[in-house]
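All remarks here apply to the structure that follows.
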Amino acid sequence: MRCSSFEKARRVCALLAVFTLLFAAVPPMMRAADHADAPLAAQDQGADIGDVYLFLDPNDNTKVVLIMSTQGFIVSGEHFGMSIFDPNIRYRFEIENTGDAKPDAFVDVTYSKGVGRLTGQTATIELPGGKRFTAPTTVATQEYKPNEPVVTTDPATGARFFAGVSDDPFFLDDTGANRFIASSIMNPGHPNKALLSERGGRDTYAGFNTLITAVSVPAEMLRGKSGSVIGINAVTQRHRTQTIGNNGEVQVSGDWVTVDRDGNPIVNNGLVPAARKDEYNAASTEDDAKGRFQ
């Protein structure tokens, strides 16, 4: 089995290296991210996807690890009251295994209400085929040494789960990169490459934490009936209507709608015009395959 981004979507964004990990001994890697990629996502940090990862479990190659980071730029060891997964969000991994750019299977994670600090949350993990289990999150701390990660194994399926605060694994000089992109727009074909190095390679993400949702599942759960290629796309979704009452309770209704999405890295950050970034996040991989943002 090997993994790639959605095949038709690749043709739409052919100029971009795809976030692809092959099920092979030495998988090629693409490092890019999606932090604060659109106005709506930037104003809804709980739903803001930072990175998405898909790879074979190095300890057991019959398992596939799916990781989604959200809510970036949490100051390490300072704001442990911000280390709360939003209970009104569905954190969804979309799996495409038939080559038509339409998701065929899902791994969904939702969280119980949380207050942060010394109290954890309970995650509900729904796997393909209707299988479900629950697991606790790892409680954040302000101590110099973090708590040991709590990893839960579901005895019925062998799936494993972790959720909690982690150092943001992405690194980039955002200012240098943004200035480089601006120079590319102003001087097509002749970007100023010096803008990438003149600041000495400062890491914008150094010292910041992010929230990690990680699931390890049997590869057979994701494989299609024919062929060996699967695609991954991650979305954060809210109910269409969300109302805050006088007592602070949140009432939700309506279908799930997507706030942020990430499959091919840095497509929205680097390629989609500013005025269409929210539109891109609200769209689907099927829209990509049809050339809506070509």
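Among all heavy-atom pairs drawn from T70 and G46, the shortest one is CB-O, 4.0 Å. Across every non-hydrogen atom of D278 and A38, the tightest pair is OD1-CB, 3.4 Å. Scanning both residues, T285 and A101, for their nearest heavy atoms gives OG1-O, 2.7 Å.
When each of T258, D34, N268 is checked for a side chain to side chain donor-acceptor pair (under 3.5 Å) with N281, only N268 meets the rule.
Contact annotation: the side chain of R240 never approaches that of S253 to less than 4.5 Å [non-hydrogen atoms, C-beta and beyond]. Counting heavy atoms from C-beta outward, P218 and T62 have side chains that stay 4.5 Å or more apart. Here the side chains of R132 and T124 are in contact, with some heavy-atom distance below 4.5 Å. The closest side-chain heavy-atom distance from P136 to T122 is not below 4.5 Å. In this structure the side chain of V64 reaches within 4.5 angstrom of the side chain of L54, judged on heavy atoms. Using a 4.5 Å cut-off on side-chain heavy atoms (C-beta onward), Y280 and R292 make no contact. Counting heavy atoms from C-beta on, the side chains of V250 and Q242 come closer than 4.5 Å. Within the 4.5 Å cutoff, the side chain of T210 has no heavy atoms near those of the H35 side chain.
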Quiz prompt | Candidate pair D167 and Y205, rule side-chain contact (heavy atoms from CB on, under 4.5 Å), full reasoning | solution = CA-CA 9 Å; D167 177 70; Y205 301 83; over 6 Å; no

Quiz prompt | Worked check of side-chain hydrogen bond (donor to acceptor under 3.5 Å, both in side chains) between N209 and S76 | solution = CA-CA 6 Å; N209 281 341; S76 303; 3.2 Å; yes

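By the neighbour-count criterion of 12 heavy atoms within 6.0 Å, atom CZ of R238 is densely surrounded, having more than that number from other residues, nucleotides or ligands. More than 12 non-hydrogen atoms from other residues, nucleotides or ligands lie less than 6.0 angstrom from CG of N247.
Among residue pairs with one or both ends in residues 178-192, those qualifying as side-chain hydrogen bond (donor to acceptor under 3.5 Å, both in side chains) are R179-E198; sequence neighbours excluded.
Between the side chain of T204 and the backbone N or O of L172 there is at least one donor-acceptor pair closer than 3.5 Å. No donor-acceptor distance shorter than 3.5 angstrom exists from the side chain of D48 to the backbone of D260, with no hydrogens or angles considered. Judged purely by atom type and a 3.5 angstrom limit, Q43 has no side-chain atom pairing as donor or acceptor with the backbone of Q45. Counting only distance, with no hydrogens or angles, the side chain of T213 and the backbone of A163 share no donor-acceptor pair below 3.5 Å. For Q121 (side chain) and S112 (main-chain N/O), a donor-acceptor pair under 3.5 Å exists by modelled atom type.
Using a 30° and 60° split on the angle between ring planes, F85 and Y111 fall in the parallel class, below 30°.
Taking a cutoff of 4.0 Å between a charged side-chain nitrogen and a carboxylate oxygen, D288 and R261 qualify as a salt bridge. Ion pair R202/D173 not flagged as a salt bridge, since none of the NZ, NE, NH1 or NH2 atoms sits closer than 4.0 Å to an Asp/Glu carboxylate oxygen. Salt bridge E249/K113: present, at least one basic N to carboxylate O contact under 4.0 Å. Salt bridge K131/D154: absent, no basic N to carboxylate O contact under 4.0 Å.
Considering CG of L118 and CD of Q142, their distance stands at 8.5 Å, rounded to 0.5 Å. Separation of atoms CZ (F93) and CG (L127) is listed at 11.5 Å; rounding is to 0.5 Å. The line from OG1 of T241 to CG of D255 is 9.5 Å long, rounded to the nearest 0.5 Å. Going from atom NZ of K277 over to atom CG of N269 covers 6.0 Å, rounded to the nearest 0.5 Å. Atom-to-atom distance recorded for S216:OG and F162:CZ is 14.0 Å, nearest 0.5 angstrom.
By the salt bridge (charged side-chain N to carboxylate O under 4.0 Å, His left out) test, D104 is found to be paired with no residue, residues two or more places apart in sequence or in another chain being considered.
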